[in-house]
Amino acid sequence: MLLNGKLQGRALVKQRNASMLHAPKTAARGVNGRRILVVRQAVEVPPSRATAANELESLSRLSNIVPDTLAFESLVPGAKLAAASVSAATLRSVLVGESLGHKPYENAITAALAAGRTASSPLAGTSDPLDRAMVNVGAMLAECVTGRVETVVDPRLANDDAALVSKVRELVAAYGRLNVPRHRLVFALPGTWAGTQAAWVLEAEGIATAVYMVYSLAQGVAAMQAGASVVRIAIGRIHDWYDKNPGVIRNPHGPREDSGAPSSYDPGLELVKELYCYGRRFHTKTKIMASSLRSRRDVLELAGVDYLVLSGRLLKQLEEVSTDQGYNDGLHAAEGSTGVDPALTPAVASASNVQKWDSLTEDTWRSGLGLAATQLLESTLRQRCKDVNELVALLQERISSMT
């Protein structure tokens with residue numbers, strides 16, 4: 001049984017699929033982060049019709065490219081969707097935005113709110129209006145993608161592992177009532193100690209988790225030890241923090257910043273590299289996602305990491321740079337052609353000098369955070385909680401207007 005918003009979503013899916021059948025890879029217009037994420041998949045092209053790959057195409061052979069885009073209408077027609085994400089910020093942007101492309105999602109939210117008044121609705125047993133809205137939009141997205149839908153768990157529960165586990169179980173049950181099985185889902189948990197402990201319990205139950213708000217090696221290692229499916233690092237946020245705190249040493253293993261020696265050390269990029277190598281060495285289940293990338297150079301420096309979240313600006317820049325990978329004369333592809341060089345590979349990880357950590361306790365986790373991660377985690381949590389509170393107020397306004 002489908003809610004009205006989801007039924008309207010089906011027509012949207014059919015229209016999208018009709019334009020996807022024979023389309024090549026395309027780019028997306030990027031917007032601010034905290035939006036629906038969609039992963040673009042490669043399309044096979046016979047050598048006789050293939051042209052030389054641009055940097056984006058070459059890079060997509062090394063990493064999964066995740067265009068940072070708000071909604072499906074932001075994609076150039078022909079984009080093939082593999083995964084999506086729904087969060088409080090996503091739903092708020094739908095409710096306050098004026099884009100016609102948001103209308104199916106708005107309908108899904110309205111239908112979910114109304115479900116609380118209808119005993120026959122499959123979501124009638126879900127008491128929290130926020131949960132109903134998130135699940136109904138997520139279920140709609142599940143019909144539009146081939147892979148998993150990520151649901152960002154209420155960050156107001158960030159420091160209560162039992163509450164996080166309970167909330168995810170409720171969300172899984174609600175998705176199940178809309179016929180979305182757990183293997184199509186992944187739940188984003190904050191990179192707090194409680195978040196990693198919740199990931200441990202949920203992964204043991206076969207529920208996939210992604211730990212975000214990761215700004216330190218200690219957070220990433222803790223998430224891996226918990227068996228998290230994905231660890232997400234926001235590189236740009238780390239970069240901004242160090243720019244605002246120039247007196248803090250960026251490279252603990254290099255020369256002091258005031259020594260006069262030039263340094264191109266970027267703590268965010270280095271954290272991704274170290275976590276990639278650590279994961280490949282000791283926790284192969286966990287995949288690494290790099291987000292909040294600011295430049296083409298940063299992107300290429302992480303070529304080979306599992307996931308790269310790229311803005312529309314970076315997608316366009318990469319598409320505009322040609323390589324000789326796959327170049328052909330119309331009859332056959334050239335041999336020995338090259339493209340983007342992989343920066344992160346299993347061989348690089350094997351040759352790295354990362355050392356395995358002992359099992360972390362809350363005390364050792366806290367001592368390993370450092371100043372940057374401590375402040376970034378606190379500020380990000382405040383913003384995410386603000387997003388949820390603003391969304392809850394909007395939902396209550398909608399509910400009141402239904403009376």
Side-chain angles (χ1 to χ4, degrees), residues 32-34 85 87-89 150-165 167-168 186-202 209-250 252 266-276 278-279 286 288-294 307 309 357 360-390:
N32 192 304
R34 303 181 298 147
S85 177
S87 67
E150 177 190 71
T151 302
V152 179
V153 182
D154 192 340
R156 296 175 298 181
L157 308 175
N159 293 308
D160 188 336
D161 56 324
L164 286 169
V165 170
K167 176 62 68 176
V168 171
V186 59
F187 294 90
L189 301 170
T192 57
W193 177 252
T196 58
Q197 298 311 291
W200 202 308
V201 174
L202 294 167
T209 61
V211 177
Y212 71 117
M213 301 189 207
V214 172
Y215 305 110
S216 68
L217 187 60
Q219 288 174 285
V221 170
M224 292 183 192
Q225 290 181 351
S229 298
V230 178
V231 170
R232 188 192 311 169
I233 302 100
I235 295 168
R237 288 180 179 270
I238 298 173
H239 182 85
D240 291 345
W241 188 90
Y242 278 93
D243 279 352
K244 293 176 182 177
N245 297 273
V248 178
I249 296 176
R250 294 171 178 254
D266 187 304
L269 292 175
E270 294 304 318
L271 177 59
V272 172
K273 294 174 185 178
E274 195 162 6
L275 285 174
Y276 172 88
Y278 191 91
T286 305
I288 304 299
M289 175 180 284
S291 65
S292 188
L293 290 151
R294 301 291 173 77
Y307 298 99
V309 182
W357 288 37
L360 287 164
T361 64
E362 185 172 2
D363 287 340
T364 55
W365 176 84
R366 289 192 182 281
S367 65
L369 285 182
L371 182 61
T374 299
Q375 292 187 358
L376 282 167
L377 182 57
E378 291 174 353
S379 62
T380 307
L381 268 176
R382 281 196 302 270
Q383 182 59 53
R384 295 285 182 161
C385 291
K386 179 182 177 183
D387 291 339
V388 174
N389 289 332
E390 290 177 353

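On a predicted model such as this, the values are computed, not experimentally measured, just so you know. In this chain, residues are counted from 1 in sequence order.
- Counting heavy atoms from C-beta outward, L164 and D160 have side chains that stay 4.5 Å or more apart.
- What you find for G191 and L377 is that their closest heavy atoms are O-CD2, 3.9 Å.
- Side-chain atoms of T286 do not come within 3.5 Å of backbone N or O of V230 as any donor-acceptor pair.
- We find the CE-OG distance between M289 and S229 to be 11.5 Å, quoted to the nearest 0.5 Å.
- Judged by distance alone, the side chain of Q197 and the main-chain N or O of D161 form no donor-acceptor pair under 3.5 Å.
- Y215 and T380 share a donor-acceptor pair across their side chains, judged by distance under 3.5 Å alone.
- Heavy atoms only, all atoms of each residue included: I238 and P267 are closest at CG2-CB, 4.0 Å.
- Nearest heavy-atom pair across A163 and L157 is O-CD1, 3.9 Å.
- A heavy-atom distance below 4.5 Å is found between the side chains of L275 and M224.
- Between D266 and K273, no side-chain nitrogen of the basic residue sits less than 4.0 Å from a carboxylate oxygen of the acidic one, so the salt-bridge criterion is not met.
- Contact annotation: the side chain of R384 approaches that of Y212 to within less than 4.5 Å [non-hydrogen atoms, C-beta and beyond].
- Put simply, the side chain of S87 never gets that close to the backbone of V152: no donor and acceptor are under 3.5 Å apart.
- No side-chain donor-acceptor contact under 3.5 Å links S292 to the backbone of A234.
- Side-chain atoms of L202 and L189, non-hydrogen and from C-beta on, do get closer than 4.5 Å to each other.
- When all heavy atoms of A194 and A158 are compared, the pair lying nearest together is CB-O, 3.4 Å.
- Looking at T192 and L381, their side chains come closer than 4.5 Å, going by heavy atoms from C-beta outward.
- With rounding to the nearest 0.5 angstrom, the CG atom of L369 is 8.0 Å from the OG atom of S367.
- Here the side chains of T364 and W357 are not in contact, with every heavy-atom distance at 4.5 Å or above.
- Between T374 and G370, the closest heavy-atom pair is OG1-O, 2.7 Å.
- Applying the salt bridge (Lys or Arg N to Asp or Glu O under 4.0 Å) rule to D363 yields no partners; only residues at least two apart in sequence or on another chain are considered.
- If you take NZ on K167 and OG1 on T151, they are separated by 12.0 Å, rounding to the nearest 0.5 Å.
- Inter-residue side-chain proximity for D240 and R294 is flagged as met; some heavy-atom pair is nearer than 4.5 Å.
- For the residue pair W365 and A222, the shortest heavy atom distance occurs at CD1-CB, 3.7 Å.
- Of the possible polar contacts, one joining the Q219 side chain to the M213 backbone as a donor-acceptor pair under 3.5 Å is found.
- In this structure, Q225 contributes its side chain and L360 its backbone to a donor-acceptor pair below 3.5 Å.
- The backbone N or O of Q375 lies less than 3.5 Å from a partner atom in the side chain of S379, making a donor-acceptor pair.
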